[in-house]
Amino acid sequence: MSQLFPPQEQAFDTGVLDGKNLVLAIPTSSGKTLVSEVCMLKAILDGKGKAVYLVPLKSLAREKYNEFAKYEALGISTAMSVGDYDSPGTKLSDADILVLTTERADSLVCHDPEWIHSIAVLIADEIHLVNDTSRGPTLEMVLAKLARMIPTIQIVALSATIANGEEIAGWLKAELVKSTWRPIPLSEGILLDGRIRFSDGSTRAIRRSKGDELIDLVCDTLDEKGQVLTFVSSRRSAVSVAGKIAPFVRPYLSREASQELSRISDRIGGGPHAPEASKILGRLLKAGIAFHHAGLASQERTIVEESFKQNLLKVIVATPTLAAGINLPARRVIVRDYRRFDEERGNQPIPVLEYKQMAGRAGRPKYDEYGESVLVARTDDEYDFLMDHYVSADPEEIRSKLASESAIRFHLLTAIAGKTVSNRTEIDQLIEGTFFSFQYSSHEIDEHVSSALAFLEEGGLIGSDEADHLYATPLGEKAAKLYIDPVTAILFRNVLPTIAEATPIGILHLICSTPDEPLVRVTQSEQEDYDVFVAAHEDELLVSPPDEWEDYDSYSKFLSQVKTARMLDDWISERTERDITEDYDVGMGDIYRHVEAADWLAYSASEIARVVGAWRLLPSLQSLRARVRDGVLPELLELVSLRGIGRVRGRMLYNHGLKTLSDLSRASLDQIARVPAIGPTIAESIKQQLGLEVGESNKELPLTKEGQETTDSAQTLLEDFGDKEN
Ligand SMILES: Nc1ncnc2c1ncn2[C@@H]1O[C@H](COP(=O)(O)OP(=O)(O)OP(=O)(O)O)[C@@H](O)[C@H]1O
Ligand SMILES: [Mg+2]
């Protein structure tokens, strides 16, 4: 990097280095991160305090964390935290730069640790997500809370896709830098009848030789040694389209690349019980292509992204999960699907904002000299539509999504518990600081605020004294610190003290009845199965079923809760990953997401059981949590407490007679190493963890044991739960 890009210069001309707030609304890949890095370094080196870098996704958190590691040389340390909500992040207090997901930052605010007041600068990356129904409210609330707690805080907000930057800047009292300058030219075009027509009037003929225009479009870039990222609308399409293109990609691989890919693909889908999807992914990788969607385990996702960055993989076919913020070497982005299925509204055109984010993955400075994005039209009319509605269109304006009863409820509880506010006037001031109030009027959510407060008070989560001071009750405080929905806390409080004993399926169903556990849908054809399952387990359920005839919607939601609980029960009964992914039509990434939420909720239930004095349940809640975490039967709990031992290796050891830690202590190194899926390195690590001498070796346990067991859940979970703070 020799020179600043012009919009970066513009940014520094605003006084941002003197502490002014800034909204940087400049194109994808124009170097927004660098501007924010300079602001962070300046504040830190001037001794003003810490910097927080907020991101929407864990994957982006990792990318940024790795990027900022280089400042270690300047004595500036970076930490990352993306989970572990119930902790004040004491270890974070030593770091200069904190990379946090929005939710983690919000949970920290609620813990109100001393060090939080030493934040000098806050970077809000991908600020357009204020527009997102599910994540937006938390993003604007955390900014409003921090601005209230730390009046001197400097806020720098970044996005390539905000049409109403003036409004965002008005809200944040910030300078605004807007630009259309991009370091690497990006041509946006549409393919029609074998020719791409770009918005600047130029065209490019695509040789039709493969009998499929998408494949022709891919090969056209491969012919020129470029890499291709194709976006499709569903996971199923991602897998099938990648399979269709694969045979045409292989000829473009060098011998070295083929060998390397073959080595890498051995790390995926290896074991006999690996999910089918992992096996397909492994085979595709060898051909130089991969699919990428949220159903992949995070380890698989990382392998795909890294191999693409190293130019080993030539093509990725992805769902839009790959779109935001990530730096990838795609010369050409193909947006094959511009419609997406929506349960309520059917097939819908995607927002322009999303299209622009996808297109913006092409032509990134580190990797390419130019970039292209291509939509695909079948008719002249469709071409006109795509040109008007996407290529030549501006992204939609960002609109606050805070006016939601459940969001307000949640955030008022955390704000009261975290002592950000302590009476109605202060709540009104806090709301006054949100984007919602700036854009509409705080009066429009007055009613939501009042009914949320009434709800929290009736639910026993908050109370008020004679002076109308609001405070969180012990239950409310616990719920806020656990960062769970008030509805979840109320359900646990109501149910836990009433039961003497519970079976795993009973507790799992209770967990799945909260708004915090994502659900697996029940299809029409499965409904009967689940009716039968419910009848068989009715006595065990701690939450009774709603009446099917009176309230069908609630009943079908109830069935989804039951199905999710059953899937988790299969997980803790050691059914194989292959079986679970097939039976429930989910990916490993989904299983881990459900497991992660259930793990947290089992922990939350035990914490709330303490608050409400339901002591008898503690042992079963704690054992269930441990089982959920590792996906094991109780007999393996001792073995999986070892690092590197998950459900697969644990089961192997157990079945070979090594059932406890003392069995392992007594066994020889060789004996342990001979157990399938263990090998010498893991055996040594086991001995070391048991505090026993293992000769001269002092090897670190590898994160995955290549070639042997790549779907070891404990390891993947380590990745998924990866919280540098722990
Ligand atoms: N002045 C510069 N000279 C050369 N390369 C630069 C410069 N500034 C940034 N870069 C590089 O440009 C690339 C893209 O930068 P960055 O990730 O910050 O983009 P962005 O603006 O955040 O885009 P997006 O909106 O897609 O997130 C990075 O690889 C970065 O190292
Ligand atoms: Mg970025």
Side-chain angles (χ1 to χ4, degrees), residues 55-62 80-87 89 100-108 134-135 138 275 293-302 321 479 481-485 488 492 504 507-520 560-561 563-575 577 580-581 584 586-607 621-632 637 640 643 646-648 703 711-726:
V55 288
L57 300 169
K58 289 182 190 178
S59 53
L60 210 48
R62 269 186 215 121
M80 167 173 105
S81 183
V82 296
D84 194 17
Y85 295 133
D86 191 20
S87 102
L100 306 173
T101 52
T102 311
E103 288 73 21
R104 176 58 175 139
D106 194 36
S107 82
L108 281 166
S134 69
R135 314 193 98 112
T138 304
H293 58 60
L296 263 56
S298 72
Q299 188 197 1
E300 295 172 338
R301 263 198 321 244
T302 310
T321 37
K481 297 221 155 110
L482 289 164
Y483 207 60
I484 53 176
D485 198 296
T488 302
F492 286 167
I507 302 176
L508 289 172
H509 177 252
L510 173 65
I511 283 174
C512 294
S513 304
T514 71
D516 289 309
E517 177 69 39
L519 298 179
V520 193
S560 297
Q561 293 160 348
K563 181 176 178 183
T564 312
R566 189 187 192 182
M567 182 182 82
L568 290 165
D569 192 46
D570 281 350
W571 167 253
I572 64 172
S573 308
E574 294 183 41
R575 285 199 65 204
E577 298 175 349
I580 301 178
T581 50
Y584 294 88
V586 293
M588 279 317 295
D590 302 303
I591 298 183
Y592 294 131
R593 254 189 306 285
H594 289 286
V595 163
E596 186 177 8
D599 168 18
W600 193 251
L601 287 164
Y603 171 69
S604 302
S606 66
E607 288 294 290
L621 289 170
Q622 281 158 353
S623 147
L624 184 88
R625 182 190 186 201
R627 290 182 59 197
V628 167
R629 215 166 212 209
D630 283 294
V632 292
L637 283 177
V640 296
R643 223 168 355 108
R647 64 202 303 252
V648 178
L703 200 64
T711 47
D712 188 329
S713 318
Q715 288 313 330
T716 325
L717 280 176
L718 260 185
E719 260 278 289
D720 268 342
F721 293 145
D723 186 344
K724 294 273 183 248
E725 195 195 337
N726 289 329

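These values consider heavy atoms only, across backbone and side chains, with no hydrogens, waters or symmetry-generated copies. Positions are given from 1, in the same order as the sequence printed here.
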Heavy-atom closest pair (Arg625 atom, Ala602 atom, distance to 0.1 Å) is CB-CB, 3.8 Å

Item to complete: May I have the step-by-step check of side chain to side chain contact (heavy atoms under 4.5 Å, CB included) for Leu624 and Leu508, ending in yes or no?
Response: CA-CA 9 Å; Leu624 184 88; Leu508 289 172; 3.9 Å; yes

Residue set satisfying side chain to side chain donor-acceptor pair (under 3.5 Å) with Thr564, at least two apart, ordered chain then number -> none

(request) May I ask you to say whether Arg566 pairs ionically with Asp569, meaning some side-chain N is under 4.0 Å from a carboxylate O? (result) no

| In terms of side-chain heavy atoms, does Thr488 have a donor or acceptor partner in Asp516 at a distance below 3.5 Å? | yes

*asked:* What I'd like to find out is whether the side chain of Val640 reaches to under 4.5 Å of the side chain of Arg647, using heavy atoms alone.
replied: no

>> Any non-hydrogen side-chain atom of Arg135 less than 4.5 Å from a side-chain atom of Leu57?
In response: yes

In terms of heavy-atom contacts, His509 and Ser513 come closest through O-OG, 2.7 Å

Exercise. Please confirm whether the backbone N or O of Tyr592 pairs with a side-chain atom of Trp571, one donor and one acceptor, at under 3.5 Å?
Key: no

Between the CE atom in Met588 and the CD atom in Glu300, the distance rounded to the nearest 0.5 Å is 8.0 Å

Heavy-atom nearest pair, Thr321 first then Ala294, reads CG2-CB, 3.9 Å

In short, Leu601 meets Phe492 closest at the heavy-atom pair O-CE1, 3.7 Å

- Any Leu568 side-chain heavy atom under 4.5 Å of Glu517 side chain: yes

Practice task
State, yes or no, whether a side-chain contact exists between Leu100 and Met80 at a heavy-atom distance under 4.5 Å.
Solution key: no

Cut-off 3.5 Å, side chains only: do Ser298 and Arg301 have a donor facing an acceptor? no

CZ (Arg627) and CD1 (Ile507) are apart, to the nearest 0.5 Å, by 10.0 Å

To the nearest 0.5 Å, atom CG of Asp106 lies from atom CZ of Arg104 at 11.0 Å

Nearest heavy-atom approach of Ala565 to Cys512 is N-SG, 3.6 Å

d(Ser604 OG, Leu621 CG) to nearest 0.5 Å is 10.5 Å

Practice problem: Check whether the side chains of Asp590 and Tyr584 place a donor and an acceptor atom closer than 3.5 Å, and report yes or no. | Solution: no

With side chain to side chain contact (heavy atoms under 4.5 Å, CB included) as the criterion, how do Arg629 and Val595 come out once you've worked through the C-alpha distance, each side chain's angles and the decisive distance to 0.1 Å?
CA-CA 7 Å; Arg629 215 166 212 209; Val595 163; 6.0 Å; no

For Pro275 and Thr581, the nearest pair of non-hydrogen atoms, with its separation, is CB-OG1, 3.5 Å

Distance col, row Tyr603:OH vs Leu482:CG, nearest 0.5 angstrom, shows 6.0 Å

